[in-house]
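Note: hydrogens, waters and symmetry copies are ignored here, and every other heavy atom, side chains too, is used. Residue indices begin at 1 and follow the sequence shown.
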Amino acid sequence: MATAGRRALAGFWRSVSSAKRCRTELRPSPFLLQCRGLCTATGETRQDSSSLVFRQLFDQTSFTYTYVLGDRESGECVLIDPVIEMVDRDTRVISELGLRLTYALNTHVHADHVTGTGELKKRAGAKSVIARVSKAVADVHVDEGDTVKFGRFELEVRSTPGHTDGCLTFVLRDHGKAFTGDALLIRGCGRTDFQQGDPGRLYDSVHGKILSLADDTQLYPAHDYTGQTVTTVAEEKKFNPRLTKPKAEFVQLMNELNLPYPRLIDKAVPANLVCGLQDLMK
């Protein structure tokens, strides 16, 4: 009986020892804990994302997207592709977000609406930005490789001509976002039959400057006519019915679209060449 008791007691202590050993083995190693600490402490994207302010706004008349990008800490923000009829909304949103507009950017000289940058210069003291090659009036003219800074963030300027000579794509690289203007739309692209349009050049621009970004990069166009808001590089490389074609087929397709003459082009282009300041026009 005593022997049996000793055996039972020994079995009990072996079970306890095994349980302790199991807990020890399941405990994260100091190296793993250190890695976790580093990932949390130095995760720049996570930290910066908490400071990034991003809003996508829409004009139902011209089907134009306007984008607010701001730095919560400094209060600085930029506006991409503002529409003159929506300036009241834009300034209200910026004010409600506690931001201060520093730059109003245009991805190109638009033909379907008048830009709001001129009015924003008057109201908010913002500086207007457009491609140098567009030959439009602006406070700041940018070229390939330039950057537009707001607080701790910056947009990389990429020249993506083809829809017009002065088309730009603005890339927020550390946050996987690009603002493509009319060069690349969701499952489509800008037309190439007016304003220096060139389908071959557009094809090269999109494939060389936009679809060359990381596959998970989110792409935000200047317009959408089907209710979509965002796409990715991977999606467009797979599903874009125009830009998945060989270049020669794409050029032929674009040359045979026979689209109607833009309704507002004769008003919009002259106004946008002077930053939307119609009172400066003769």
Side-chain angles (χ1 to χ4, degrees), residues 52-143 146-155 157 164-170 172 179 181-182 195 220-223 262-282:
L52 177 68
V53 179
F54 173 60
R55 294 292 186 276
Q56 181 183 45
L57 308 175
F58 186 64
D59 171 37
Q60 295 181 352
T61 301
S62 63
F63 298 91
T64 300
Y65 284 122
T66 298
Y67 300 96
V68 181
L69 292 163
D71 175 20
R72 187 171 282 107
E73 292 189 9
S74 70
E76 294 181 349
C77 77
V78 300
L79 203 60
I80 300 176
D81 285 336
V83 177
I84 192 166
E85 290 86 359
M86 306 306 293
V87 167
D88 286 342
R89 175 205 63 187
D90 297 345
T91 54
R92 174 180 54 79
V93 169
I94 289 170
S95 175
E96 290 174 351
L97 292 172
L99 299 173
R100 181 179 72 262
L101 184 63
T102 54
Y103 294 106
L105 291 66
N106 282 295
T107 54
H108 63 291
V109 176
H110 294 273
D112 50 14
H113 68 272
V114 174
T115 179
T117 51
E119 189 64 26
L120 289 164
K121 282 166 55 66
K122 295 178 182 178
R123 297 194 192 186
K127 292 183 178 181
S128 57
V129 180
I130 202 165
R132 186 183 310 278
V133 72
S134 71
K135 299 180 181 179
V137 174
D139 297 305
V140 180
H141 290 102
V142 292
D143 301 299
D146 288 343
T147 57
V148 179
K149 297 185 179 182
F150 55 102
R152 70 172 68 185
F153 304 105
E154 65 178 30
L155 290 165
V157 177
T164 72
D165 278 351
C167 284
L168 300 174
T169 291
F170 297 107
L172 192 63
F179 303 88
D182 284 14
Q195 277 186 284
Y220 294 91
H223 304 280
R263 181 173 58 88
L264 293 178
I265 187 171
D266 293 329
K267 173 185 177 182
V269 170
N272 291 335
L273 284 170
V274 290
C275 201
L277 292 168
Q278 296 92 323
D279 56 340
L280 296 182
M281 298 170 59
K282 302 298 183 183

Looking at L79, V129, L69, I80, which one forms a side chain to side chain contact (heavy atoms under 4.5 Å, CB included) with Y103? V129
Within this structure, what is the OG-NE2 distance for the pair S128 and H141, rounded to the nearest 0.5 Å? 7.5 Å
Is it the case that the side chain of E76 and the backbone of D71 share a donor-acceptor pair, with hydrogens and angles ignored and the cut-off at 3.5 Å? no
Less than 4.5 Å apart, side chain to side chain, heavy atoms only: is that true for L105 and L155? yes
Atom of G70, atom of C77 and distance for their closest heavy-atom approach: CA-CB, 3.7 Å
To the nearest 0.5 Å, how far apart are OG in S134 and CG in N272? 10.0 Å
State, with a plain yes or no, whether a side-chain heavy atom of V87 is found less than 4.5 Å away from one of P82. no
Does the side chain of V78 reach to within under 4.5 Å of the side chain of T102, using non-hydrogen atoms? yes
Inter-residue atom distance E119.CD - M86.CE, 0.5 Å rounding: 14.0 Å
Euclidean distance, S74 OG relative to R72 CZ, rounded to 0.5 Å: 11.0 Å
So, taking the atom named CD1 in I84 and the one named CG in L277, what distance separates them when rounded to the nearest 0.5 Å? 8.0 Å
Can you find a heavy atom in the side chain of P262 that is under 4.5 Å from one in the side chain of D112? no
Side-chain contact test, heavy atoms from C-beta onward, threshold under 4.5 Å: evaluate it for F170 versus V157 and give yes or no. yes
Which pair of heavy atoms, one from G166 and one from V133, lies closest together, and at what distance? CA-CG1, 3.6 Å
Within-4.5 Å side-chain heavy-atom neighbours: V83 and S62: yes
How close do D146 and V142 get, counting heavy atoms only, and between which atoms? OD2-CA, 3.4 Å
Nearest heavy-atom approach of E154 to L172 is O-CD1, 3.5 Å
Can you tell me if CZ on R123 sees more than 12 non-hydrogen neighbours from other groups inside 6.0 Å? yes
Using the ring centroid of each side chain, check whether F54 and Y220 are separated by less than 6.0 Å. yes
Going by side chain to side chain donor-acceptor pair (under 3.5 Å), H110 matches just one of T64, D81, T164, D182. Which one? D81
What distance do R89 atom CZ and L57 atom CG have between them, rounded to the nearest 0.5 Å? 4.5 Å
Looking at E96, I'd like to know if its CD atom is crowded, meaning that more than 12 non-hydrogen atoms belonging to other residues, nucleotides or ligands lie closer than 6.0 Å. yes
Checking side chain to side chain contact (heavy atoms under 4.5 Å, CB included) between V109 and each of D165, T115, L273, which is the one that passes? L273
Looking only at heavy atoms, the pair that brings T117 and C275 closest together is OG1-O, 3.2 Å
So which heavy atom on I265 is nearest to which on P270, and how close? O-CD, 3.7 Å
Do H223 and H113 have side chains that get closer than 4.5 Å, going by heavy atoms? yes
Strictly below 4.0 Å, N to O, side chains only: are R55 and D90 in salt-bridge contact? no
With a 4.5 Å limit on heavy-atom distance, are the side chains of Q195 and V269 in contact? yes
